[in-house]
Structures are given as C-alpha cells and as structure tokens.
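In what follows, a single structure is set out as structure tokens and then discussed.
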Amino acid sequence: MSTENEGTAVPPAPSAPPVPVDSPAASPQPSAPQGGTPTPPAGPNGASQGHPGAPGDPAPGQAPYGAATQGSAPDASWPPPPPPANPYAGGGAGTGSGVGFGGGDGSGGGWGAPYQQPAPKSGGGRGGLVAAVLVAALVAGGLGGGLGYTLAENNDSGSTTVSASDTGGSVKRDAGTIAGVAAKALPSTVTIEAESTSGEGGTGTGFVFDKQGHILTNNHVVAEAVDGGKLTATFPDGKKYNASVVGHAQGYDVAVIKLANAPSNLNPLALGDSDKVAVGDSTIAIGAPFGLSNTVTTGIISAKNRPVASSDGSATSKASYMSALQTDASINPGNSGGPLLDAQGNVIGINSAIQSASNGLGGTGQAGSIGLGFAIPINQAKYVAQQLIKTGEPVYAKIGASVSLEETTDGAQITEQGVSGAEPVESGGPADKAGLKPGDVITKLDDHVIDSGPTLIGEIWTHQPGDKVKVTYERDGKENTVELTLGSKTGDD
C-alpha cells in the first residue's frame, strides 16, 4: 500500500480553544494488549520488503538460525529459514516501508511505507518492517494567564471593572517531559529512503549511533539498496546525505548504514539498558509513519520477551526472530528502524513490527496501528551493530539443533530430520555435547518459558556466542535440565 508522501495537500489543523496555563491536555493511552499468544506481526509499511532468499534455503517451515527450526525438521545451521505460514501468534506488521508478518490470517503486507519520489513511481519496494513510532504529546502551556480585576466604588453607584492581563502565560517544557525528550532526540533521528536499481523503494527510520556517521536501523528498511541501489538519510532540519550499507543482519533484522561526508556535529542518542525495562514504563518513539517524517508518539511497555517472527510472507524471504519489547505506542508503516525511548530519552529498542488486525478496509488497505508494536531490545541491537561495524557480518548464537516451527504451546521439539539432509543435532555442537537428542522437547531456556521453536530462537539470540545457558527439556515424560555453552555462526548465508 503506497504512502502518499508527496503531492498531497494537507489541510490546516482545526483551531482549538485556549488551554489554561498549567493544564496541558493529557495524551490518551492506548489500551494495553491482552495476553495470549499473538499472531504473526505484519509490517505496517505497505509494500513488502522481505529478505531476499538464497539458493539452498530450507523449505517453508524450516529455520536453521540459532536453534534451527523447520516445520517438520529445521536445522541450527545457516541460512535462516523462510517463515512458517503463521510463525508467531500475535501477527504484526513491519514498520518500515513494508509489511512484516501480515494479519492473523496469514496474509502479508509490505514492510514499510513505500516511498514516492516527487514524480510518482509504480510499484512499492520492500521498505522494511514497520517501526514503532510514538506520537509526541507535546505539552503546551495554556493561553490564559491571570484575569485581573478591579472593583471600584463611588458614592453614587457601585461599578466593577474587569481588565485582561497584558501578558499571556509562559510555556516551560522541562527536559523530562515528552516535549523535552522529543526536542533532544529528534535532531539525531533520520528518515531513510531506500531505492533499488529498478526504482522500487520504501521509507523507514534510523538514528545516529556514533559520531563517525553510523546510523542504526532495520535490515528490511535498507534491503532494497543493498545490491547497487540508492540510499539517503534526511535529518529534521532538511539536510540530506547519501549513505551506504555497512552491514546487515537478516535474522536479527538489524542494519548499519554510514553517511557520506557526515557532519562533525552529530549527537548519538544515549543507549539505555533494555534488560532493566519494566512493564508499565513510559515509551516515546520517533519515525516516519506513512512518510510523515519526524513524528513522535507515546505509550508504555505493555509486555516483555514477546516472541516475534517476521517476514514479508514471500516464498524467498527469510524470517527474523526477536524476543521483543511490546508497546502500545502508535506504530505505522514507515516507522521501522526508529528509536523507542524511555522517559529519560535513552534508546531501549528499535521499532520493528506491529500486530495488524487487517490489511485495511475491504482487505486492500495497508496495515496500521492497533496498539501492539514490537521493538528489538537495544542490548541485542547494540551488540549486532558493533559486529556489523567491525566486520560487516552478523554473528549469531546457536545451540546446534533443528527444532520444529509448527504452532504449539508445549515447547520446541528437536526434529527427527535436519535441513537439507543435515543431522538434526549437529555432531560435536552445543546440543550434542549436552546430550540432547531428536524428539526432546525444550521447555525452558534459563528462566524463560519456551512454547515453540520461534520462541526458542528469539531467546537464543538475546545471548552471545560463548554464553552458558540452562536448557530444560522433556524426554519420555521426564523433565531434565542441562547446561550448555552457545556456539556461533557468522553471516546470513
């Protein structure tokens, strides 16, 4: 679904009655999503921007990332598998310029809000997963001011004279307010336009990662420009820079781009600690929903560790997996890659996907926010970004076993057969050394409950290679717990 970024007249906003001083209107909070297993998130971006497939990809239903998964026999080897028909309960849409998951019915949309140049182009690019962007509730002071009055008396008759104040109420926005956070973060947030060699493209978001000109965003936002395409980043002050892709990770859905001739006055956004985020914490997000750059929205953290698997639903795409921060902030196509901030303005996540109830009126429209957005925790994204800047390739943690991607609430079952004829348990790998076998059902990773293969993959990828984890599994009706050291896999291939 295309986003009309240009050529559409925007009517002036209706006037509003004066607001009394010290009585700013409160931004309504979207209701927190109910619990339960969500359906796959769909990309709110309109035209889909999936991950290009590669020869030898596992058949649909297989996923060889980390704990390689497959409909009937996924593998822990590479490359990442295409997403299952309904890989994640809690369907969401990518927030870039393409749709990530599609609706709960398995339908997919684009991963971002397709971007249009001044002269409209046909076809929507893959854009990217829809990033969560929070609408900034700017707290404005009232117009009022004090109303002075003077009561005058004379001997003949009483009279009352009311005179208006000469000055209006002052407006003060402290650094800790939503407006204060937005004012500080906006100058370090960019709108990204990615265009392929065929002219297709999409719009997404990114933010300044360091003073050298590196910008952190989603992989699906820049995927169109990876192979010889065009990439630009525009700051709120209108300054536009050409950019190039430094590295991208399809499985994590993280990418780093670098500005050409980057300015010397860049201010990287401060990174928070996503492990310390609590349900109920306030959130602020910035992005370009439907091409509307520099949009700010607000909400709360409505859940943590939400398993999300996203893709554009195409046969050649590979799924991305995350143990996401869930927010009720308004997230729409074009917001992918934008920062999810805490109340102090620290980045706690990268907006990446949304749940979508439908693809629009009559099933033909683009997915939009229903209050269920998903962000990649910044602790994970920071590690991935540093690897991409250092080597240009992502590094994935793995257990070396293939697990089923089929929908279940019982756990992640190690399959009887691996991907492309590989062994279901990698010989000499972490799972093999820990004594895991085909048919074992993994129910916990450390203290996190594992209800499916995608959930296991997302949890594994919150760790780094070399980390020690406890795996709880069931075999022949008995529960066992073992400790293993995570292995590693470099690259998406």
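Heavy-atom basis, side chains included; hydrogens, waters and symmetry copies ignored. Fair warning: this is a prediction, and the values are worked out from it, not measured in the lab.
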Looking at D237, I want to see if its CG is surrounded by more than 12 non-hydrogen atoms of other residues, nucleotides or ligands under 6.0 Å.
yes
Any donor-acceptor N/O pair, D328 side chain to I300 backbone, under 3.5 Å
yes
Closer than 3.5 angstrom, by distance alone: can the side chain of T234 be matched with the main-chain N or O of G238 as a donor-acceptor pair?
no
Does K382 NZ have over 12 foreign heavy atoms under 6.0 Å away?
no
Could you grab the distance from atom CD1 of I178 to atom OG1 of T298, nearest 0.5 Å is fine?
4.5 Å
Assess the side chains of T283 and T327: does a donor N or O sit below 3.5 Å from an acceptor N or O?
yes
Could you tell me whether the side chain of V190 reaches within less than 4.5 Å of the side chain of T205, counting heavy atoms only?
no
Has S188 got a side-chain atom pairing as donor or acceptor with N267's backbone, closer than 3.5 angstrom?
yes
Within the distance-only criterion (no hydrogens, no angle test), does the side chain of T295 pair as donor or acceptor with the backbone N or O of L292 below 3.5 angstrom?
yes
Side chain to side chain contact (heavy atoms under 4.5 Å, CB included) with V222: of T217, V246, I215, V256, only one passes, and it is T217
Hey, are the side chains of T177 and V181 touching, using non-hydrogen atoms and a 4.5 Å cut-off?
no
Examine distances only and state if a side-chain atom of S352 and a backbone atom of I376 form a donor-acceptor pair shorter than 3.5 Å.
no
Heavy atoms, side chains only, cut-off 4.5 Å: are N379 and D273 in contact?
yes
Between W461 and Y396, how do the two ring planes meet: parallel, tilted or perpendicular, split at 30° and 60°?
tilted
Ring centres of F235 and Y241 under 6.0 Å apart?
yes
With a 4.5 Å limit on heavy-atom distance, are the side chains of P394 and Q387 in contact?
no
Could you tell me whether the side chain of E459 reaches within less than 4.5 Å of the side chain of N305, counting heavy atoms only?
yes
Looking at every non-hydrogen atom in both residues, tell me the closest pair between L388 and H248 and how far apart they are.
CD2-N, 3.7 Å
I'd like to know if the side chain of K230 and the backbone of A194 have a donor-acceptor N/O pair within less than 3.5 Å.
no
Test item: L231 and V245 side chains (from C-beta on) under 4.5 Å apart, heavy atoms:
yes
Count the heavy atoms belonging to other residues, nucleotides or ligands that lie under 6.0 Å from NZ of K211, then report whether that count exceeds 12.
yes
With heavy-atom distances below 4.5 Å as the criterion, would you say the side chains of E193 and K240 are in contact?
yes
Are R306 and F374 close enough that some pair of their side-chain heavy atoms sits under 4.5 Å apart?
yes
Determine, stepwise, if the pair I350 / F207 fulfils side-chain contact (heavy atoms from CB on, under 4.5 Å).
CA-CA 9 Å; I350 300 177; F207 59 93; 4.1 Å; yes
